[in-house]
**Q** 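My structure is below; once you've seen it, I'll send some questions.
Ligands are counted one by one from 1 in listed order, and the atoms in each one are counted from 1 as well.
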Amino acid sequence: MTDEITIPADLLPADGRFGSGPSKVPAEAMSALAGIGKSVMGTSHRKSAVKDQVGRLRRGLADLFALPEGYEVVLGVGGTTAFWEVAVFGLVEDRVQAASFGEFGSKFAKAVQIAPHLGEPTVVTAEPGSAAYLSAEEGVDVYATPHNETSTGVAVEVERVAADGLMLHDATSAVAGQPVDMAETDCYYFAPQKGLASDGGLWIALMSPAAIERAERIAASGRYIPAFLDLKTAIDNSRKDQTYNTPAVATVVLAAEQVDALNAAGGLEAAVKRCSESTGTLYSWADSREFASPFVTDTKIRSNVVATIDFEGVDAAEIAKILRANGILDTEPYRKLGRNQLRIACYPAVDPADAAKLTDAIDYVVERLS
Ligand SMILES: *Cc1c(COP(=O)(O)O)cnc(C)c1O
């Protein structure tokens, strides 16, 4: 029955990828990768062809985020999950205060909690759909929060909460789609397969002088640090446009393509605006329908990039299944949230016109299901 619902072509987005991560990789970036492929892919990452791509990505990010004096772009292998352990070994002195209001914030808090060389963290929690907030605390040397909690579609402001202590922001989905003032963070880190429209396998950290100094001090302290997770080694390699071990080269190239494209199209401000347009369309559409409503009720913390929409009286899983059969992919909610929901990511690579088409397509499906 459901596979009989064919959405008319004029209601379909030109590109049906709305996944929260991995997310839409633009066709232009794929062509660019194919174009330079033979001189880069399958060649030594210690030679200039690959190093030039790493350098292009590092410079592009410094531009996009208008990095203040002394901030550096550091990268390594292993994605955001690897970076959590990098931070546990190389950035945290003793005590963390961590905000946990969804899957990803809770994972970093857990990594800190079980680290035998660190003190017991303070974990501030909030129910999914709301935010937990950091605040100044005696004895804390790292404050950590997701910028955008990808599992729930909740985003917080990037702001310092204490005169000392490093601010760490997980920006895996927020990067390039949420506004940020880099002076308010010491380590803005992400993997490039969500907001940056690339593929997985790398972590990238925009680090302040204070964070670099901290990493160097801990590295010199004699603490046991596994070589793969050694932040000082990553900093030293990054300065030479290299990684400690073999990088995901296609991931570097695709990320560099996207960053260059965003810089050419008006930089961070324009990218954020494009995302607001897309998610704004989705939220106001949900507000206007009997059967839908935005999951995040506090508009101040509603994500600019990941729209979570609750459904009533119609099975969202069924909608997602029909959308998938019609080429609209990955609108399912975060699996552990267990809500009757669609989660729709509109990172900078997504065309706001496609977000609007998506609402037409969902209307068409709901009409036929109810
Ligand atoms: C997806 C995601 C991660 C995990 O990224 P990996 O590269 O798969 O390790 C971490 N944090 C946030 C906010 C995410 O959205």
Side-chain angles (χ1 to χ4, degrees), residues 17-25 57 74-89 91 96 98-112 123 125-126 128-129 131-132 134 143-158 167-178 180 185 187-206 228-229 234 243 247-248 250-252 254-255 258 275 279 296 301-308 330-337 343-350:
R17 289 174 292 177
F18 292 96
S20 295
S23 67
K24 175 182 168 186
V25 179
L57 174 59
V74 179
L75 74 166
V77 174
T80 302
T81 304
F83 188 78
W84 288 331
E85 306 303 340
V86 169
V88 159
F89 279 100
L91 277 179
V96 173
S100 169
F101 46 96
E103 181 69 10
F104 296 108
S106 82
K107 279 188 165 165
F108 180 65
K110 184 76 200 275
V112 172
V123 183
T125 59
L134 302 169
Y143 296 88
T145 183
H147 186 186
N148 182 74
E149 178 48 78
T150 322
S151 64
T152 61
V154 169
V156 296
E157 303 247 334
V158 171
M167 299 297 309
L168 269 56
H169 291 94
D170 179 350
T172 307
S173 54
V175 58
Q178 294 281 152
V180 60
T185 179
C187 185
Y188 195 70
Y189 65 92
F190 47 87
Q193 75 274 17
K194 298 186 187 181
L196 273 196
S198 179
D199 203 3
L202 292 180
W203 58 260
I204 300 167
L206 313 182
F228 178 63
L229 303 173
T243 48
T251 299
V252 170
L254 292 174
Q258 177 66 354
C275 297
T279 47
V296 179
I301 56 170
R302 250 180 219 167
S303 174
N304 203 42
V305 285
V306 175
T308 43
D330 303 332
T331 60
E332 292 83 4
Y334 191 74
R335 58 194 189 283
K336 288 187 207 157
L337 207 55
R343 180 177 59 151
I344 298 153
C346 297
Y347 299 126
V350 169

**Q** Looking at every non-hydrogen atom in both residues, tell me the closest pair between Thr308 and Thr152 and how far apart they are.
**A**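 In this case the closest contact between Thr308 and Thr152 is OG1-O, 2.9 Å.
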
**Q** In Å and rounded to the nearest 0.5 Å, what is the CD to SG distance from Gln178 to Cys275?
**A** 8.0 Å

**Q** Test of understanding: given a 4.0 Å heavy-atom threshold, classify the contact between Lys194 and ligand 1 as side chain, backbone, both, or neither.
**A** side chain

**Q** Does ligand 1 have a heavy atom under 4.0 Å from the side chain of Glu149, from its backbone, from both, or from neither?
**A**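 Glu149 to ligand 1: no contact under 4.0 Å from either part.
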
**Q** If you take all heavy atoms of Ala155 and Asn148, which pair is closest and at what distance?
**A** CB-OD1, 3.4 Å

**Q** Under a 4.0 Å heavy-atom limit, does Asp170 contact ligand 1 with its side chain, its backbone, both, or neither?
**A**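 Under 4.0 Å from ligand 1, Asp170 contributes side-chain atoms alone.
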
**Q** Angle between ring planes, Tyr334 versus Phe104, binned at 30° and 60°: parallel, tilted or perpendicular?
**A**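 It falls in the perpendicular class, over 60°.
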
**Q** At a 4.0 Å threshold, what atoms of ligand 1 neighbour a non-hydrogen atom of Thr150?
**A**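 It comes down to these atoms of ligand 1: 12 (C), 13 (C), 14 (C), 15 (O).
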
**Q** Measure the distance from atom 5 (O) of ligand 1 to every protein heavy atom, then report the residue, atom name and distance (to 0.1 Å) of the closest one.
**A** Thr80 CB, 3.5 Å

**Q** Report the part of Ala191 (side chain from C-beta onward, or backbone N, CA, C, O) that has a heavy atom under 4.0 Å from ligand 1; answer both or neither where that applies.
**A**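 Contact part for Ala191 vs ligand 1: side chain (C-beta onward).
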
**Q** If only atom types and distance count, is the side chain of Tyr347 paired as donor or acceptor with the main-chain N or O of Ser20 below 3.5 Å?
**A**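 Answer holds: yes.
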
**Q** Tell me: protein heavy atom nearest atom 9 (O) of ligand 1, and distance?
**A** Thr81 OG1, 2.5 Å

**Q** What is the minimum heavy-atom distance between Trp203 and Gly79, and which atoms define it?
**A** CB-O, 3.4 Å

**Q** Counting from 1, what ligand 1 atoms have a heavy atom of Trp84 closer than 4.0 Å?
**A**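 Going through ligand 1 atom by atom, the ones under 4.0 Å from Trp84 are 10 (C), 11 (N).
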
**Q** Tell me, please: is Gln193 in heavy-atom contact with ligand 1, that is, under 4.0 Å?
**A**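 It does, in that a heavy atom of Gln193 comes within the 4.0 Å cut-off of ligand 1.
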
**Q** Please check this pair: side chain of Ser100 against backbone of Gly105, looking for a donor-acceptor N/O pair closer than 3.5 Å.
**A**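 Answer holds: no.
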
